[in-house]
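Residue numbering restarts at 1 for every chain, and letters A, B, ... go by the order of the sequence lines. As the structure is a prediction and not an experimental result, all values here were calculated from the model.
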Amino acid sequence: MVTTDSLDWLPEPPDDFRERCKAIEIAVREGEDVAAALVAMGLYRHTEIRLNRLSRLVGDSSTSSLVTLDLHVLSNATTDYLAAPIAGSGVRYGLRVNVECAPFGVSFQAASDADDPVHGADAVLLALDYRHYFPALVADDDALETAVDELESLITALRGKGQTLILQTIAPPPDRVYGSFDAMRPETATMLSNKLNTRICELAEAPDIALLDVSGLAAAVGLEHWHDSRTWALAKLPFNPIFLPRYGDAVARLLGALRGRSRKLLILDLDNTLWGGVVGDDGLKGLRLGPGDAEGESFSLVQQAAKALRNRGIILAVCSKNEEAIAREAIRSHPGMVLNEEDFASIAVNWSDKPSNIRDICESLGLSLDAAVFLDDNPAERALVRDVLPMVAVLEPPDDPAGMARTLTSCGFFETLSISEEDLRRTGMYRAEAMRRKARTQTRTLEEFLQSLDMRLTFDATVDTRFASLINKTNQFNLTLCRYTESELQEMLAADHVMVGASLVDRFGDHGRILALIGHYENSGLLIDCWVMSCRVIGRGVETALLNHLAEISAAAGAVRLEGRYVAGPRNGLVADHYQRLGFTEDGEGCWQLALDGFQPQTHFIALNGR
Amino acid sequence: MNDIEIMPLLVAVIRDVFENDDLTISRDTSAEYVEEWDSVQHIRLVLAVEEVFGIRFSTAEVVDMLVVGDLADCIESKLKS
């Protein structure tokens, strides 16, 4: 039997897939930006053949506004088949991935050759296969240490060039020598693979190393399906090629996370999505939710999955066609509810069309539409949202609600490389933002509103995961669109760059660290290389407070002016006149300057801690 | 399915794999005729054929397919058994 593995959480592509590809091809030739069209095409379930076609389009679309990333793949198996699925899946996450694969057999030599182009890539994927380390099912005593040594020397040869290294866990073979006893014998390939994976995960703790859990993926689809002796014999393909779309997606979502392209918001329907039944018709007591009802159990699982996402920092919202009072009552008081009202940063329950509601939700939370994922059991609603808002990732749950939770947990739009304290507190911060907006309508002037917020700002010079993630995940309030890994940032800090972070607290809550700025002194000026700020605090005067702070520290360091640039990108139009607003003047070549001689600190309504 | 029914489907798969709708394909067409038809593309083609026809070839069968006719014959015999 041939099992075709598919990306279950995505819909089948439209019938006119090939025509649409041709239209994109023509648009590319005419120099149009096809980024949005490519991303929309990426959000379908694709076979290897279609991914090939998409990857060809991606390769041709060098002028599109997709985020470009160079990936080199080094492997101890063949890599010939991997490039197209990775590049084709990349558009799903807004990426234009240029994939270079070293030929079979010479991969690892590339690492030790200092002139090899692998050292110039943005990311290097080490696609490891167990057969290289444990070619027989039973190995020698030192096989594990030999494997770890080889891996460590590869890492040493590759790192330190400012690139991210992606280590792949290895899928253990499904074969058994003893039976269950294999799991207890240190010499079996199964046991050795598991031990090697533990070491790989430890190595991936380093800030410049990311983990691609292929072992987990292979286990999820089944090791006997994953490993295909025939294609290994024919082509040294390390896994069954029916999983190429799945593998390509796994790599692409990781790269997406690396470039801050993961989505941040999950918008959920209510009736037959968070509970079984229609609350307006069936009433609170008629809903199927929670233990005691087979279908009710399925909806509990959906809520548990959403709750787990919320607890790790994904923002939840509701978008439902219902009477608001009835729906809120069910959310508040149904005994089977796992989620509660406070888990949702925004609740849009009304009879307007869903695309309008989704647009409003994103706007009220200060998020762009391509940060949103939408889950709804109703195929007509899904089709409408896809049609009107093609940048929203619309999930495709199965007809049976029993499979709906898995749609959430396997979809990959929320991939992350690390987790910070801010992530864990995010919903609270967004709810506080909603309350602040309410306060704004109750106070008279903007000044009074800002004063009433009782804001306190604390500057710091700490470079950590949050600092790096602000730089890499901020797309709107981002002046130069520079991206740096945490290790690059540490190097810059050591090289005397000016690094400024800050955290903001107000009477509604703690925003955490909300900005990152990098600068360096040159020709008696402070050059601002990077200035990013969380969109949550826009319009609060933080930029003014930071300007005053910069003026103070740079004057103390002997500088006579501040200099900044604005680099236009697809989503940072918000800050196009940032420097102008702060009183800088442009020199005619895109460089904004502010003389410090005679600079008067500008007015804002934020108290500075430590003063 | 007989050869007359199989060939049009097979030709469509080949054109799809090579992303070339203008390829002229007959039973005698071999890898040499199609520029991109290397060993990597051969595996891709075999996998695509397997998916479309719902069959699976043995290792030896994959190696022995030299012309399109071999592929068509192999499909026919798989579908019969």
Q | Side chain / backbone / both / neither for B/Thr59 at chain A, heavy atoms under 4.5 Å | A |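 It is both, since atoms from each part get that close.
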Would you indicate whether [X], at its atom [atom1], is surrounded by more than 12 heavy atoms from other residues, nucleotides or ligands within a distance under 6.0 Å?
X: B/Asn2; atom1: CG; result: yes
X: A/Glu224; atom1: CD; result: no
X: B/Glu35; atom1: CD; result: no
X: A/Asp15; atom1: CG; result: no
X: A/Arg406; atom1: CZ; result: no

(Q) Please classify the contact of A/Arg18 with chain B as side chain, backbone, both or neither, using a heavy-atom distance under 4.5 Å. (A)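 A/Arg18 touches chain B through side-chain heavy atoms alone.
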Q: Run the salt-bridge test on B/Glu36 and A/Arg56 with the 4.0 Å N-O cut-off and return the result as yes or no.
A: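 Between A/Arg56 and B/Glu36 there is no salt bridge, as every charged N stays at least 4.0 Å from the carboxylate O atoms.
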Q: Looking only at non-hydrogen atoms, find the nearest pair between A/Arg230 and B/Phe57 and report the distance.
A: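 Closest approach of A/Arg230 to B/Phe57, heavy atoms only: NH1-O, 2.7 Å.
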Q. Given side chains that start at C-beta, do those of B/Leu47 and A/Glu48 come closer than 4.5 Å, heavy atoms only?
A.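 B/Leu47 vs A/Glu48: side chains apart.
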**Q.** Between A/Leu244, A/Leu234, A/Thr78, the one whose heavy-atom pairs under 4.5 Å with chain B are most numerous
**A.**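 With the most close heavy-atom pairs to chain B, the winner is A/Leu234.
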Q.
For chain B, which candidate among A/Leu237, A/Thr231, A/Asp228 shows the most heavy-atom pairs at distances under 4.5 Å?
A.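 Top count of heavy-atom pairs under 4.5 Å with chain B: A/Asp228.
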Q | B/Asp16 side, atom CG; A/Asn52 side, atom CG - distance, nearest 0.5 Å | A |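 Answer rounded to 0.5 Å: 10.0 Å.
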